[in-house]
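Inspection log for the structure reproduced underneath, given as structure tokens.
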Amino acid sequence: MAKSNFGPRKRRTRQHVIADLSVHHVEGFILEEGHTAERLSSDYSYDLLMRTFDENGYVEPEPIYFQLKATESLQTIGSTYSFDVDVRDYNLWIHEEMPVILILFDASRKRAYWLAVQQYFDEDLTRQPKKGAKTVRVRVQERQPVNRRAIQRIRELNCSKPWRKLRLYP
């Protein structure tokens, strides 16, 4: 049989695979908690949108945005995972009306860790990017794994709305 030459084509890379695995990992916990996860097709800083439901199955008014960052192995500093976020993402997330949850996925260990972005930056103003910076470093606690309990806590955060403080900084 003759071999066809298709010419240059797009290639699925390992990074594409682990990005999909990260979404799959988080979706499972969201669904197990009785909520819905909607994959967002255009990547403009959000990968998933979670809609939550109360104890009686009624939809709650505001969704939660998830941004997932997947890597083969997370960089550890003590009991935290360190990740450099593009300042353009920071600028979007910090002004978002809805809560933004950053998820770091470690593909080699098949584990993920979460951070409530607005709350993280509001708690300590020294965490904000310096003027002219292209990235801002976040540290996600090892004690914040993504699991069913994490999804419960994220839903509780959405109900209490701690990220909705008046922001006096850009």
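In what follows, residues are counted from 1 in the order of the sequence shown. All values below come from the heavy atoms of this structure, side chains included, with hydrogens, waters and symmetry mates left out.
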Just wondering, do [Y] and [X] contact through their side chains at under 4.5 Å, heavy atoms?
X	Y	answer
Tyr90	Asp86	no
Ile64	Met98	no
Ile18	Arg14	yes
Arg39	His24	yes
Val85	Thr135	no
Gln15	Glu72	no
Phe83	Val140	no
Glu27	Leu48	yes

Query - Chi angles and distances behind the side-chain contact (heavy atoms from CB on, under 4.5 Å) call for Val117, Ile101 - result: CA-CA 6 Å; Val117 173; Ile101 305 299; over 6 Å; no

Minimum-distance pair of heavy atoms, taken over all atoms of [X] and [Y]:
X	Y	result
Pro99	Pro63	CD-O, 3.8 Å
Pro145	Trp114	O-CD1, 3.5 Å
Ala133	Val87	O-CG1, 3.3 Å
Tyr46	Gln67	N-OE1, 3.2 Å
Gln119	Leu157	OE1-CD2, 3.4 Å

Got a second to check how far [X]'s [atom1] is from [Y]'s [atom2], nearest 0.5 Å?
X	Y	atom1	atom2	result
Ile151	Glu32	CD1	CD	9.5 Å
Thr36	Glu38	OG1	CD	7.5 Å
Phe29	Met50	CZ	CE	13.0 Å
Arg153	Asn147	CZ	CG	9.5 Å
His35	Leu31	NE2	CG	10.0 Å
Gln152	Ile154	CD	CD1	10.5 Å

Report task. Run through Val26, Val146, Leu104 and flag the one making a side chain to side chain contact (heavy atoms under 4.5 Å, CB included) with Leu68. Result ->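 The single option meeting the side chain to side chain contact (heavy atoms under 4.5 Å, CB included) with Leu68 is Val26.
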
Does [Y] offer a backbone N or O that forms a donor-acceptor pair with the side chain of [X] under 3.5 Å?
X	Y	value
Asp54	Tyr58	yes
Gln118	Val100	yes
Thr13	His16	yes

Query raised in the report: Quick one: do the His25 and Ser22 side chains pair a donor with an acceptor below 3.5 Å?
Result: no

Query raised in the report: Would you say the side-chain atoms of Gln144 and Tyr81 include a donor-acceptor pair closer than 3.5 Å?
Result: no

**Report entry** Flag if over 12 foreign heavy atoms under 6.0 Å of CZ, Arg109
**Finding:** yes

Query raised in the report: Is the centre of the Tyr113 ring less than 6.0 Å from the centre of the Phe105 ring?
Result: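 No: the rings miss the under 6.0 Å criterion.
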
Report task. Please lay out, stage by stage, how Glu142 and Thr80 fare under the test side-chain contact (heavy atoms from CB on, under 4.5 Å). Result -> CA-CA 5 Å; Glu142 186 178 75; Thr80 64; over 6 Å; no

NZ/NE/NH1/NH2 to OD/OE distance under 4.0 Å, [X] and [Y]:
X	Y	value
Asp124	Arg139	no
Glu33	Arg149	no
Arg155	Glu60	yes
Asp47	Lys69	no

Query - Derivation and outcome, side-chain contact (heavy atoms from CB on, under 4.5 Å), residues Phe66 and Leu102 - result: CA-CA 6 Å; Phe66 287 84; Leu102 175 65; over 6 Å; no

Query raised in the report: When you look at Arg137 and Ser82, which way does the side-chain contact (heavy atoms from CB on, under 4.5 Å) test go after all the steps?
Result: CA-CA 7 Å; Arg137 179 159 291 168; Ser82 175; 3.0 Å; yes

